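Predicted model, so just to flag it, every value in this text is computed and none were measured.
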Amino acid sequence: MTELATTQIWVDADACPVAMKEILFKAANRAQVLVTLVANQSLQIPKSPYIQFRQVERGFDVADNEIHQRVNSGDLVITGDIPLAADVVDKGATALNSRGELYTKENIRARLNMRDFLDNLRSSGIDTGGSPALSQADRQRFANALDRWLAKRPKH
């Protein structure tokens, strides 16, 4: 196997859309960066020295906890889970959601507060609606944000 760069990409794979996984698989091989998908159910991944899969036990936040435990400063985490994003940003990593939005030290607290606010509304019976379906523009934003991270990541 080719020597890998020190930074890597972790994917909260249970909820990661197929289109984003395909973008990640292509990027892993093109940029020779290790991509590790973490999920509590079996996933099919392409054969590649740059793509790994870790299956964890079923349970609330088990995959999130696995990623949080293993992520290092400088890594990228693909997740829509804002508490996980906040945890990895606190560890010096970067988080990216499937719509191409980066979670950073500058914006994660506001995102976490909004998430908690909407959670409280839902628990009081208010319908807050769901997220719209992913669009082609979302896919493009995701791919562009991933490319920017890959270009800036430290090499060996």
Open item on the list: I'd like to know if the side chain of Asp138 reaches the main chain of Leu134, judged simply by a donor and an acceptor atom lying under 3.5 Å from each other, with no hydrogens or angles considered.
Closed with: no
Task: Close side-chain approach of Thr36 to Arg54, heavy-atom, < 4.5 Å - done: yes
Task: Atom of Gln41, atom of Arg58 and distance for their closest heavy-atom approach - done: CB-NH2, 4.1 Å
TODO: Mind checking the NZ-CD1 spacing from Lys91 to Ile67? Nearest 0.5 Å is all I need.
DONE: 11.0 Å
Open item on the list: Tell me which one of Leu146, Asn144, Leu150 satisfies side-chain contact (heavy atoms from CB on, under 4.5 Å) with Arg148.
Closed with: Asn144
Task: Min side-chain heavy-atom separation Ser42-Gln55 under 4.5 Å - done: yes
TODO: Give, for atom CD of Glu22 and atom SG of Cys16, the distance between the pair rounded to the nearest 0.5 Å.
DONE: 10.0 Å
Task: Closest non-hydrogen atom pair, Ala93 against Val71 - done: CB-CG2, 3.8 Å
Open item on the list: Using the rule that Ile, Leu, Val, Met, Phe, Trp and Tyr join whenever any side-chain heavy atoms are under 4.5 Å apart, tell me whether Met20 and Val38 fall into a single cluster.
Closed with: no
Open item on the list: I'd like to know whether Arg70 forms a side-chain contact (heavy atoms from CB on, under 4.5 Å) with Val77, so could you lay out the CA-CA distance, the side-chain angles of the two residues, the decisive distance to 0.1 Å, and finally the verdict.
Closed with: CA-CA 11 Å; Arg70 295 184 177 276; Val77 175; over 6 Å; no
Open item on the list: Let's go through Leu24 and Val11 carefully: what are the C-alpha distance in whole Å and the side-chain angles of both, what is the deciding distance for side-chain contact (heavy atoms from CB on, under 4.5 Å) to 0.1 Å, and is it a yes or a no?
Closed with: CA-CA 9 Å; Leu24 287 162; Val11 183; 3.7 Å; yes
Task: Evaluation steps, side-chain contact (heavy atoms from CB on, under 4.5 Å), between Lys21 and Leu37 - done: CA-CA 9 Å; Lys21 288 177 192 162; Leu37 293 91; 4.1 Å; yes
- [ ] For the pair Asp14 (side chain) and Asn40 (backbone), establish whether a donor and an acceptor sit closer than 3.5 Å, ignoring hydrogens and angles.
- [x] yes
Task: Donor-acceptor contact present, side-chain Asp147 to main-chain Phe142, <3.5 Å - done: no
Open item on the list: What I'd like to find out is whether the side chain of Ile51 reaches to under 4.5 Å of the side chain of Phe25, using heavy atoms alone.
Closed with: yes
Task: Qualifying residue, where the test is side-chain contact (heavy atoms from CB on, under 4.5 Å) with Asp12 and the options are Ile78, Thr79, Asn97, Val88 - done: Thr79
- [ ] Quick one: closest heavy-atom pair of Leu43 and Ala13, and the distance?
- [x] CD1-CB, 3.5 Å
TODO: Quick one: closest heavy-atom pair of Ala19 and Arg139, and the distance?
DONE: CB-NE, 3.2 Å
Open item on the list: In the structure I gave you, are the side-chain heavy atoms of Ile82 and Tyr103 within less than 4.5 Å of one another anywhere?
Closed with: yes
Open item on the list: In the structure I gave you, are the side-chain heavy atoms of Thr104 and Val89 within less than 4.5 Å of one another anywhere?
Closed with: no
Task: Asp75 side chain reached by Thr94 side chain, heavy atoms, under 4.5 Å - done: no
Open item on the list: Please say yes or no: joined through hydrophobic side-chain contacts below 4.5 Å, possibly via intermediate residues, are Val56 and Val35 part of one cluster?
Closed with: no
Open item on the list: How close do Ala27 and Val33 get, counting heavy atoms only, and between which atoms?
Closed with: O-CG1, 4.2 Å
- [ ] Specify the closest pair of heavy atoms between Ala145 and Gly100, including all atoms of both residues, with the distance to one decimal.
- [x] CB-O, 3.8 Å
- [ ] Output the distance between atom CG (Asp90) and atom OG (Ser73), rounded to the nearest 0.5 Å.
- [x] 11.5 Å
Task: Gap between atom CG of Asp61 and atom CG of Leu84 - 0.5 Å precision - done: 8.0 Å
Task: Within 6.0 Å of CD in Glu57, more than 12 heavy atoms from elsewhere - done: no
- [ ] Might you confirm whether atom NZ of Lys26 has over 12 heavy atoms from other residues, nucleotides or ligands at distances under 6.0 Å?
- [x] no
Open item on the list: Do Trp10 and Tyr50 land in one hydrophobic cluster if side-chain heavy atoms of ILVMFWY residues count as linked below 4.5 Å?
Closed with: no
TODO: Begin with the C-alpha distance, continue with both residues' side-chain angles, and end with the deciding distance and a verdict on side-chain contact (heavy atoms from CB on, under 4.5 Å) for Leu34 and Gln52.
DONE: CA-CA 8 Å; Leu34 182 61; Gln52 297 179 356; 3.7 Å; yes
